[in-house]
Amino acid sequence: MMSHAALSDAIEGSISKSVAPSTFQQTPEPSVGGVALEELAKTYATPLYILDKATIRQQATSYLETLKTAYPGEAVVLYAAKANLNLALAKFVNDLGLAIDVVSSGELYTALQAGVSADWIYMNGNNKSDAELEMALDAGICRLMVDNEEELAQIDAIVRGRGLKEKPAVLLRVAPGIEAHTHDYLKTGTDSNKFGMPINRIPEIVGVCLTRYAETIDLAGLHAHIGSQIFDALPYQDLARIMLKTYGDLRERFNGLILRDLDLGGGLGICYQTSDDPPSIEEAIAQLARTVAETAQSIDYPLPRLLLEPGRSLVATAGITLYTVGTVKKTESGRVFVAVDGGMGDNIRPALYQADYSALAIVKSSQKTPEQQAEPGVQSARVTLVGKYCESGDVLLRDWQAPRLVAGDRVVIFGTGAYNYAMASTYNRIGRPAMVW
Ligand code: PLP
């Protein structure tokens with residue numbers, strides 16, 4: 001998915017359905033959810049994040065329905081809030097039947113403020129502070145995913161210190177040693193990254209939970225997340241087998257111990273480019289669910305409650321960002337820079353891990369002066385779409401085959417519903433864009 005020179009879509013004047021929100025229409029004028037983008041730009045200004053509820057509903061339903069059909073046990077879909085969270089979104093996905101996976105006190109606070117009940121909240125994170133753990137334990141959230149042994153000691157101290165009556169249910173995050181083919185920064189399941197505990201140490205750590213922390217910690221299961229923007233269903237099936245083998249080994253070693261939860265994380269990829277080819281939710285999740293059920297059956301293990309934590313595949317395609325073109329510049333070497341009114345502050349992903357996007361230009365030829373129409377150097381060309389931030393790396397698209405653009409034209413970037421708003425900064429003291437449904 002990374003670093004394609006792409007986007008012939010824009011010059012052909014159409015965008016592939018696979019990268020756009022399901023209600024996106026290009027004619028008679030570009031719109032989402034029946035609302036013209038131009039009207040949104042005029043009402044809310046640009047840059048603007050636009051989210052399509054229908055797409056999120058559709059993706060959530062795919063997860064829920066697939067699990068209902070393919071998994072004979074209980075299954076819970078946790079929305080990985082890190083992908084994109086605000087009050088409205090937290091409430092919306094929870095109303096759709098998704099639990100919420102948070103990774104900080106800020107996300108936890110947002111979910112609680114949105115009215116999500118604590119038993120629908122789960123907490124991940126590799127370096128939770130005492131204050132974050134206290135907040136989670138005081139709220140009585142459903143599960144804590146414990147990343148390391150120090151965190152077990154932290155939880156134990158808080159439970160004792162606060163005299164909590166109920167033992168918090170925890171899942172131990174495992175680094176299962178699975179190599180998922182994605183960008184290095186998006187890989188999380190191997191021992192070369194910071195998350196989780198090596199799988200070969202899990203028996204020892206489970207032993208510690210069952211003895212030293214027997215009075216303060218309720219060990220509910222194991223958790224693993226192998227990475228993000230994954231295009232292959234097989235690593236998930238490998239993961240399910242590895243985890244269930246560990247469950248079987250732990251049962252043998254610890255006197256019939258049964259772990260009731262199994263969390264296999266998120267990470268399913270989406271189409272940023274027409275050429276991207278991730279498995280569908282139905283395909284990947286059905287195969288995964290069947291693998292869990294069959295493997296559990298093969299070792300005569302009670303079906304665990306299956307937890308999944310998708311983020312990107314629920315919300316990325318639902319989102320677009322709408323920009324307005326400002327400066328258009330042609331350098332002596334012939335490179336054309338088209339600058340829009342946002343950039344790395346609202347979308348850091350191209351700079352952070354060379355993420356590539358599809359885009360569409362909305363050329364408003366009616367507003368062009370005859371001089372602009374005749375302007376040299378900005379005819380249809382491969383352009384570099386840049387932002388307005390004081391960094392040379394503030395590039396949104398490289399080698400974008402764009403039509404002739406002048407100030408006032410609009411640019412739509414697709415697939416920005418995940419890890420854009422959530423990663424937005426106020427660098428240069430430029431405010432973050434608004435977000436509308
Ligand atoms: N769960 C955990 C523990 C994660 O770290 C992440 C993302 O990094 C996710 C779930 C969600 O991943 P994605 O948005 O790729 O589905």
Side-chain angles (χ1 to χ4, degrees), residues 1-2 55-56 59-60 62-63 66-67 76-85 89 93 98-104 107-108 111 121-128 132 136 141-148 151 170-176 178 180-190 193-197 221-233 235-236 239 243 261-272 276 278-281 284-285 288 306-319 348-349 352-353 355 415-423:
M1 68 128 192
M2 304 295 166
T55 308
I56 300 174
Q59 302 300 90
S62 296
Y63 270 100
T66 304
L67 284 167
V76 184
V77 179
L78 285 55
Y79 169 55
K82 60 178 76 74
N84 192 349
L85 191 70
L89 197 43
V93 296
L98 308 185
I100 314 270
D101 159 33
V102 300
V103 294
S104 68
E107 288 184 358
L108 173 57
I121 302 179
Y122 295 62
M123 190 178 216
N124 262 293
N126 72 305
N127 184 22
K128 302 179 193 78
E132 282 173 320
I141 70 164
C142 185
R143 298 280 185 272
L144 280 168
M145 283 52 152
V146 171
D147 178 87
N148 52 68
E151 194 180 329
V170 310
L171 277 74
L172 301 179
R173 178 156 180 179
V174 177
I178 287 186
H181 295 282
T182 185
H183 190 282
D184 272 354
Y185 290 1
L186 302 176
K187 277 181 195 167
T188 57
T190 67
N193 78 75
K194 66 176 183 173
F195 295 105
M197 295 167 262
L222 302 184
H223 168 289
H225 170 77
I226 53 175
S228 206
Q229 187 57 352
I230 294 171
F231 274 21
D232 187 354
Y236 286 110
L239 174 66
M243 296 292 273
D261 287 359
L262 172 63
D263 188 329
L264 298 180
L268 192 61
I270 63 125
C271 287
Y272 284 105
D276 289 340
S280 66
I281 292 173
I285 301 308
L288 174 64
L306 177 59
L307 311 178
L308 298 177
E309 294 172 357
R312 186 190 315 269
S313 53
L314 287 167
V315 293
T317 311
I348 191 67
R349 296 186 67 255
L352 186 62
Y353 31 65
T416 60
Y419 304 109
N420 274 229
Y421 167 76
M423 288 184 169

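Numbering of ligands and ligand atoms starts at 1, following listing order.
For ligand 1 and Tyr419, the ligand atoms under 4.0 Å from any heavy atom of the residue are 7 (C), 11 (C), 12 (O), 13 (P), 14 (O). The Gly267 neighbourhood of ligand 1 comprises atoms 12 (O), 13 (P), 15 (O), 16 (O), with distances under 4.0 Å to a heavy atom of that residue. The ligand atoms of ligand 1 that sit less than 4.0 angstrom from a heavy atom of Ala80 are 9 (C), 10 (C), 11 (C). The Pro310 neighbourhood of ligand 1 comprises atoms 16 (O), with distances under 4.0 Å to a heavy atom of that residue. Annotation for ligand 1: atoms under 4.0 Å from non-hydrogen atoms of Lys82 are 1 (N), 2 (C), 4 (C), 5 (O), 6 (C), 7 (C), 8 (O), 9 (C), 10 (C).
Using 4.0 Å as the threshold, Phe195 has no heavy atom nearer than that to any atom of ligand 1.
Backbone and side-chain nitrogen or oxygen atoms of Glu309 are examined, and one is located within less than 3.5 angstrom of a nitrogen or oxygen of ligand 1. On a distance-only criterion, Gly311 and ligand 1 share at least one N/O pair closer than 3.5 Å. For the pair Arg173 and ligand 1, the shortest N or O to N or O distance does not fall below 3.5 Å. Considering backbone and side-chain atoms alike, Arg312 places an N or O below 3.5 Å from some N or O of ligand 1.
For the atom pair Leu268 CG and Leu308 CG, the distance stands at 10.0 Å (nearest 0.5 Å). Between the CG atom in Asn124 and the OG atom in Ser104 there is a gap of 11.5 Å [rounded to 0.5 Å]. Interatomic distance, Leu222 CG to Leu264 CG, rounded to the nearest 0.5 Å: 10.0 Å. Of the inter-residue distances, the one linking Met145 atom CE with Asp101 atom CG reads 5.5 Å to the nearest 0.5 angstrom. One distance of note links CD1 of Ile100 with CD of Glu107; it measures 9.5 Å at 0.5 Å rounding.
Looking at residues two or more places apart in sequence or on another chain, you find a side chain to side chain contact (heavy atoms under 4.5 Å, CB included) between Asn148 and Glu150, Glu151. Scored by the side chain to side chain contact (heavy atoms under 4.5 Å, CB included) test, Ala422 finds no partners at all (sequence neighbours excluded).
The closest donor-acceptor contact from the side chain of Tyr79 to the backbone of Asn84 lies under 3.5 Å.
Nearest to atom 13 (P) of ligand 1 by heavy-atom distance, out of Ser313, Gly269, Ser228, is Ser228.
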